[in-house]
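To start, the structure under review is shown below, and the notes come after it.
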Amino acid sequence: MSQMPQPTALSRCPSCEEPLESGDRFCGACGYDLSAMPAPPRDTPTLTMNGMTPHPRSEAAPVDWPAAPAAGGAGTPAAVHLPSDLQGTDSGGDRLPATTAAKGVRFDRPSGSDDYHLAAPKPVDPRTAVPSTPPAGTKVCVACRAGQVDSDGYCENCGHAQPRERDHVEQELSAVAAVSDRGLRHHRNEDAFAVSSTALPDGTPAVVAIVCDGVSSATRPDEASIAAAGAANEALLEALPRGTHPQQALHDAIIAASHAVNALATEPETAQEHSPHQNAPACTLVGAVVTTSLLVVGWVGDSRAYWVPVDRTAPPARLTEDDSWAAQMVAAGLMSEAEAYADERAHAITGWLGADAYELEPHTASFKPDRPGVVVVCTDGLWNYAEAAEEMAEAVPSDAERRLLHAAQVLVGHALDGGGHDNVTVAVLPFPAPPQGAGSA
């Protein structure tokens with residue numbers, strides 16, 4: 001038979017600390033099997049403190065601690081020993097070389113090259129950070145100028161929502177400038193413009209400005225305005241160099257713009273949104289063609305064109321008549337202009353571009369000004385704050401014919417300062433058209 005393990009010589013039970021007697025095989029208190037105890041270690045065991053296992057006792061000689069000097073007198077503390085005053089030992093108790101021991105941390109000296117700071121890095125200030133060059137074609141955040149913009153229109157770095165591309169648009173050519181802004185109340189910009197210049201068959205310049213205002217109650221008004229502006233501009237650039245009279249060319253351009261807007265009503269995107277209770281995409285349009293001797297305007301709706309002479313002692317003039325309820329009341333002699341435009345129905349339009357327009361009647365007019373001036377082509381987002389010709393002339397800067405973009409910016413600012421209740425779009429053209437290649441100051 002197998003041999004039973006010899007009992008261990010213990011004074012107390014390892015399980016419950018009950019005193020034991022010599023020869024006990026089981027604890028009389030808890031029944032612990034004393035024969036299952038492993039052989040005791042050869043050296044004296046060391047207690048574990050706070051769950052930490054201490055380093056094994058070194059076989060080397062004990063550290064020779066220097067004797068603490070006596071106190072320097074009553075009230076004078078004994079000298080303090082710094083960690084660097086003692087030569088260190090490694091994990092085996094062997095003395096470290098002097099060069100190694102000298103590298104202990106000093107608490108009485110300023111930070112030096114031997115100190116390592118692990119503090120978290122400071123956040124980068126996007127206003128002062130130098131942005132890295134993004135890959136070609138990447139859209140960069142307008143706020144931090146460092147992060148890329150994701151497909152949802154948010155910066156991947158700072159999370160800033162990016163403005164829509166059409167929220168504020170500016171363009172300047174040698175003889176025309178235009179600015180379009182979303183305004184302060186609308187959630188998107190439903191206006192659009194197109195500006196260009198070309199040459200007539202005799203080589204003289206012709207400058208074009210088209211401004212469109214999307215009808216907010218219609219489906220996809222922002223797309224209607226941009227389609228109309230682009231189609232009208234392309235038609236003029238094709239007709240004017242062929243020798244078509246500017247007034248006829250502008251009339252035909254409005255027809256082309258109407259076809260472009262009508263086509264939107266048949267697209268699948270509109271078909272999904274369209275219902276008997278909704279209007280097809282629609283917009284208004286006003287355009288101007290300026291040559292060296294002729295000023296032509298054309299319009300459908302309530303967007304306007306104004307004439308402001310350089311000589312401010314000469315009277316300004318409004319060049320268009322609105323397709324609106326108020327204009328009809330005034331034309332019929334039923335109300336005065338002040339009464340009609342004070343009515344809540346004043347801005348209800350009676351003419352527009354769109355598949356559900358009752359009848360398309362493009363209006364055109366030609367003028368031969370006897371003095372230089374500027375033509376202001378705008379949506380009601382501007383003229384609501386400068387309705388009369390005299391009010392518009394006051395808002396136009398005195399150097400508008402020389403600083404076209406600045407003049408357009410000032411006029412948009414005038415509307416925003418007035419409240420910016422609507423989208424604002426304005427184009428400024430000088431008359432007569434300057435020779436091609438001449439730029440604004």
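Just so it is clear, the values below take in all heavy atoms, side chains as well, and ignore hydrogens, waters and symmetry mates.
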Side chains of Ser324 and Asp302: do they bring a donor and an acceptor to under 3.5 Å?
->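 No - no donor-acceptor pair under 3.5 Å links their side chains.
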Is there a donor-acceptor contact under 3.5 Å linking the side chains of Glu361 and His363?
->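 No donor-acceptor contact under 3.5 Å links the two side chains.
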Option from Thr292, Thr291, Thr244 for which side chain to side chain contact (heavy atoms under 4.5 Å, CB included) with Leu200 holds =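 It is Thr291, the one option of Thr292, Thr291, Thr244 that forms the side chain to side chain contact (heavy atoms under 4.5 Å, CB included) with Leu200.
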Ignoring hydrogens and angles, tell me if any N or O in the side chain of [X] forms a donor-acceptor pair with the backbone of [Y] under 3.5 Å.
X      : Y      : value
Tyr306 : Glu387 : yes
Asn384 : Asp380 : yes
Arg166 : Ser180 : no
Tyr385 : Leu411 : no
Asn423 : Glu190 : yes
Trp299 : Glu321 : yes
Glu339 : Ser336 : yes

Given side-chain contact (heavy atoms from CB on, under 4.5 Å), test Val428 with Val396 step by step and report yes or no.
-> CA-CA 10 Å; Val428 181; Val396 174; over 6 Å; no
Take Ser196 and Asn233 through the side chain to side chain donor-acceptor pair (under 3.5 Å) test and state the conclusion after the steps.
-> CA-CA 7 Å; Ser196 60; Asn233 184 62; 2.6 Å; yes
Asp323 CG to Thr284 OG1 distance, which is reported to the nearest 0.5 Å =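 If we round to the nearest 0.5 Å, Asp323:CG and Thr284:OG1 are 9.5 Å apart.
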Would you say Tyr154 has more than 12 foreign heavy atoms packed within less than 6.0 Å of its OH?
->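 Open: at most 12 neighbouring heavy atoms sit under 6.0 Å from OH of Tyr154.
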More than 12 heavy atoms of other groups within 6.0 Å of His259 NE2 |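 No, NE2 of His259 has 12 or fewer neighbouring heavy atoms, counting only those of other groups under 6.0 Å.
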Passes side-chain contact (heavy atoms from CB on, under 4.5 Å), Ile254 versus Leu353? Steps please.
-> CA-CA 9 Å; Ile254 296 175; Leu353 305 181; 4.2 Å; yes
How far apart are the C-alpha atoms of Thr425 and Asp191, what are their side-chain angles, what is the distance that settles it, and do they pass the side chain to side chain donor-acceptor pair (under 3.5 Å) test?
-> CA-CA 7 Å; Thr425 302; Asp191 288 357; 2.9 Å; yes
